[in-house]
Amino acid sequence: MSHPLVVTLDRKSAPRTIFAGDRLVEVDLPAGTRCIYPRPPIAPLKDVDAAIRYAINHPHNAEPLHAKLRPGMKVVIAIDDISLPLPPMRRPDIRERVLTIVLEMLADHGVEDIRMIIATSIHRRMTSDEICHIVGKKIHDAYYPTRLFNHDAEDAKNMVEIGTTDHGEVVELNRYAVESDLLIYVNLNLVPMDGGHKSVTVGLCGYKSLRAHHNPKVMGNCWSYMDPKKSALATSVERMGRLVNKKLNVFTIETTINNRMFDRPLEFLAKNEDDLSGLETAALKALTATLSKVPQPARQAIFNRVPAPYGTTGVFAGETEAVHERTLARCYEQYLVPVKGQADILVCGVPYISPYNVNSFLNPLLVQCMVNGYLFNLYKGVPLLKKGGTMIITHPCTDQFDKEQHVSYIEFVHNMLTETRDAMELHKRYEAAYASNPAYVQAYRTGHAYHPAHPFFMWYWGEAGRKHTGRVIVVGADNEYIPKIMGWETARSMHEALEMAKDTAPRSPEITLFHIAPLMMADVTV
């Protein structure tokens with residue numbers, strides 16, 4: 001049975017316009033190509049503040065928040081970092097709205113000992129302005145930086161080991177969270193791999209805990225990161241999270257948003273090209289032409305200057321697993337597009353942004369993470385691409401890195417990946433020493449750099465995709481060096497890439513374009 005968001009191109013179909021980093025490219029695809037488009041945004045809640053109050057007063061499998069409060073208690077509120085949503089949300093961010101109501105309730109019950117921690121795990125520290133955007137100026141000015149601050153996974157005196165699971169996974173967390181009387185987690189759930197036990201157990205942990213599941217063996221044993229029941233990563237995190245919830249008093253607040261990533265000036269980017277009005281078609285062509293002519297910083301600015309007008313679609317509170325079950329259902333309601341049959345050749349445009357380059361450049365290692373990690377894994381059921389099939393991607397693969405945020409990535413790409421792409425070899429031979437490199441650790445702790453273990457994890461993130469995919473062909477690369485390091489081939493045009501892909505495909509291959517962004521997932525059956 002077909003679905004209105006799964007369209008088969010004919011000879012009259014307009015060319016498709018897809019992302020190639022911070023550019024847009026027009027591609028002609030052969031008749032018979034299947035194009036998959038995102039669902040329209042779910043209607044947002046009419047009264048978000050009322051939904052927040054209802055959720056914390058009628059939680060799932062837990063007492064209401066107010067029943068947990070008493071004067072003199074220590075409360076820690078942990079908050080998701082800048083890695084989501086993508087792009088950043090128009091103010092007020094839903095986390096600001098949740099925090100405002102929670103802090104009012106704490107004050108009403110005489111709770112004064114409050115700390116708020118940005119749950120960065122080993123991501124980079126957020127800047128004051130970035131934190132302000134998420135929590136709002138009033139909260140930022142009242143709490144930052146002494147009572148509102150970034151988690152530091154390398155601050156040994158403020159990390160506490162609370163136990164080990166029956167699988168030998170060490171659980172180490174931020175001391176403030178461990179010593180609190182109540183730990184409230186405020187989550188913004190962008191995709192199904194977010195939230196749940198991952199919020200506290202990963203967001204407030206250190207390298208010692210991450211090693212249990214951010215390794216090639218576990219990450220290569222995942223049948224979609226977006227389907228927690230089939231993810232060894234999620235299974236490990238759940239074991240650790242259950243231990244956390246036995247030891248700590250955790251109250252989870254999760255929120256979901258729709259996929260309205262583009263505001264009206266760019267709203268046409270979410271549409272099927274055949275459905276565009278004359279004005280929208282002209283605007284799309286003008287934007288494509290402009291992006292092809294202006295310098296890279298200007299291209300990025302065109303997208304960054306318009307925050308996403310996401311609408312809040314759900315607020316759930318209470319015990320972590322009971323809450324997350326409802327969060328996942330709402331996520332799938334927004335993202336899942338039913339698709340019958342797998343593709344021999346899968347075409348994907350690679351957008352300009354990932355969870356790890358907000359306010360910076362999408363470097364080559366993150367392009368790999370997007371392709372083999374996120375884009376490949378945006379499915380439920382079976383992979384959209386057949387085993388051994390070919391992915392064709394559009395991206396310049398420019399050899400460029402943000403020298404503050406991604407300083408440790410440069411050596412990893414140019415020295416380590418040129419020696420071996422074998423994830424297990426990298427893990428065994430280099431990871432531990434690299435993760436403790438004093439200069440890189442200092443850049444993480446005092447600057448705005450990702451932890452030196454992070455580039456290894458970004459490579460492991462693509463492990464399942466690399467094992468499944470036969471070939472990756474890049475269209476539009478501005479060099480051959482970077483694709484070669486990644487183990488990819490290059491083509492000068494989409495036509496050339498398709499001809500190359502057909503060499504190892506069946507006689508009449510199923511070609512599919514996964515037309516992202518906005519965000520979606522393929523619910524694939526065979």
Side-chain angles (χ1 to χ4, degrees), residues 1-7 16 18-19 34-42 83-87 187-196 198 219 222-234 254-262 269-272 308 310-311 313-314 324-343 346-351 353-355 369-387 389 391 393 461-462 464-465 468-469 510 512-526:
M1 183 176 177
S2 63
H3 191 278
L5 297 173
V6 181
V7 178
R16 306 295 106 170
I18 58 178
F19 275 99
R34 179 176 61 174
C35 296
I36 305 172
Y37 288 89
R39 286 183 178 274
I42 291 175
S83 59
L84 47 88
L86 304 172
N187 153 274
L188 194 166
N189 218 92
L190 183 67
V191 290
M193 65 166 286
D194 298 331
K198 182 171 178 280
M219 301 187 83
C222 293
W223 284 92
S224 182
Y225 300 133
M226 303 302 169
D227 189 352
K229 292 180 181 179
K230 295 183 177 180
S231 167
L233 172 64
E254 295 195 341
T255 62
T256 56
I257 55 176
N258 61 21
N259 66 344
R260 194 174 172 217
M261 298 176 71
F262 303 112
L269 292 174
K271 293 185 177 181
N272 181 334
Y310 300 112
T313 59
H324 198 54
E325 182 181 348
R326 290 157 177 83
T327 300
L328 287 175
R330 190 57 53 87
C331 280
Y332 289 141
E333 182 184 351
Q334 174 64 83
Y335 296 134
L336 286 182
V337 177
V339 178
K340 179 70 173 176
Q342 296 172 288
L346 180 61
V347 180
C348 293
V350 182
I353 195 168
S354 82
C369 181
M370 284 290 288
V371 174
N372 293 325
Y374 285 99
L375 294 177
F376 171 79
N377 278 280
L378 284 174
Y379 73 87
K380 193 170 185 288
V382 299
L384 184 53
L385 182 68
K386 289 180 182 177
K387 175 72 172 176
M391 284 187 76
I393 64 167
W461 209 254
H468 184 91
T469 305
E510 168 60 59
T512 296
L513 170 65
F514 199 51
H515 204 287
I516 190 171
L519 195 57
M520 63 171 164
M521 291 175 58
D523 189 6
V524 186
T525 54
V526 292

Evaluate His515 against Ile36 for side chain to side chain contact (heavy atoms under 4.5 Å, CB included), listing each step before the verdict. CA-CA 6 Å; His515 204 287; Ile36 305 172; over 6 Å; no
Is the side chain of Lys340 donor-acceptor paired with the backbone N or O of Val526 at a distance under 3.5 Å, no angle test? yes
Under the side chain to side chain contact (heavy atoms under 4.5 Å, CB included) criterion, do Tyr374 and Leu519 qualify, and how do the steps go? CA-CA 11 Å; Tyr374 285 99; Leu519 195 57; over 6 Å; no
Would you say the side chains of Arg39 and Asn258 form a donor-acceptor pair under 3.5 Å? no
Would you call the rings of Phe262 and Phe19 parallel, tilted or perpendicular if under 30° counts as parallel and over 60° as perpendicular? parallel
Main chain of Pro87, side chain of Tyr310: is a donor-acceptor contact present, judged purely on distance under 3.5 Å? yes
Would you check if the side chain of Ser231 reaches a backbone N or O of Asp227 as a donor-acceptor pair within less than 3.5 Å? no
Out of curiosity, Leu84 CG to Asn189 CG, how far, rounded to the nearest 0.5 Å? 8.0 Å
Can you tell me how far apart CG (Leu328) and CD (Glu333) are? Round to the nearest 0.5 Å. 12.5 Å
Derivation of the side chain to side chain contact (heavy atoms under 4.5 Å, CB included) call for Asp523 and Val339: CA-CA 6 Å; Asp523 189 6; Val339 178; over 6 Å; no
Consider only side-chain N and O atoms of Arg34 and Thr512, and report whether a donor and an acceptor are under 3.5 Å apart. yes
With a distance cut-off below 6.0 Å to the six-membered ring centre and an angular limit of 45° from the axis, does Lys380 pair with Tyr332 as a cation-pi contact? yes
Gap separating the OH atom of Tyr225 from the OH atom of Tyr379, nearest 0.5 angstrom: 9.5 Å
Spacing of Asp194 atom CG and Leu188 atom CG [to the nearest 0.5 Å]: 8.5 Å
Side chain to side chain contact (heavy atoms under 4.5 Å, CB included) assessment of Cys348 paired with Met391: CA-CA 7 Å; Cys348 293; Met391 284 187 76; 4.1 Å; yes
Do Thr256 and Thr313 meet the criterion of a side-chain donor-acceptor pair at a distance under 3.5 Å? yes
Using atom types as modelled and distance alone, determine if a side-chain donor or acceptor of His468 lies under 3.5 Å from a backbone N or O of Leu385. yes
Supply the atom-to-atom distance Ser354 OG to Trp461 CH2, rounded to the nearest 0.5 angstrom. 11.5 Å
Which atom of Pro192 lies closest to which atom of Cys331, heavy atoms considered: CG-CB, 4.2 Å
Do Glu254 side-chain atoms and Gly196 backbone N/O form a donor-acceptor pair below 3.5 Å? yes
Could you check if a side-chain atom of Phe514 sits within less than 4.5 angstrom of a side-chain atom of Val347, using non-hydrogen atoms only? no
Consider only side-chain N and O atoms of Gln334 and Asn259, and report whether a donor and an acceptor are under 3.5 Å apart. yes
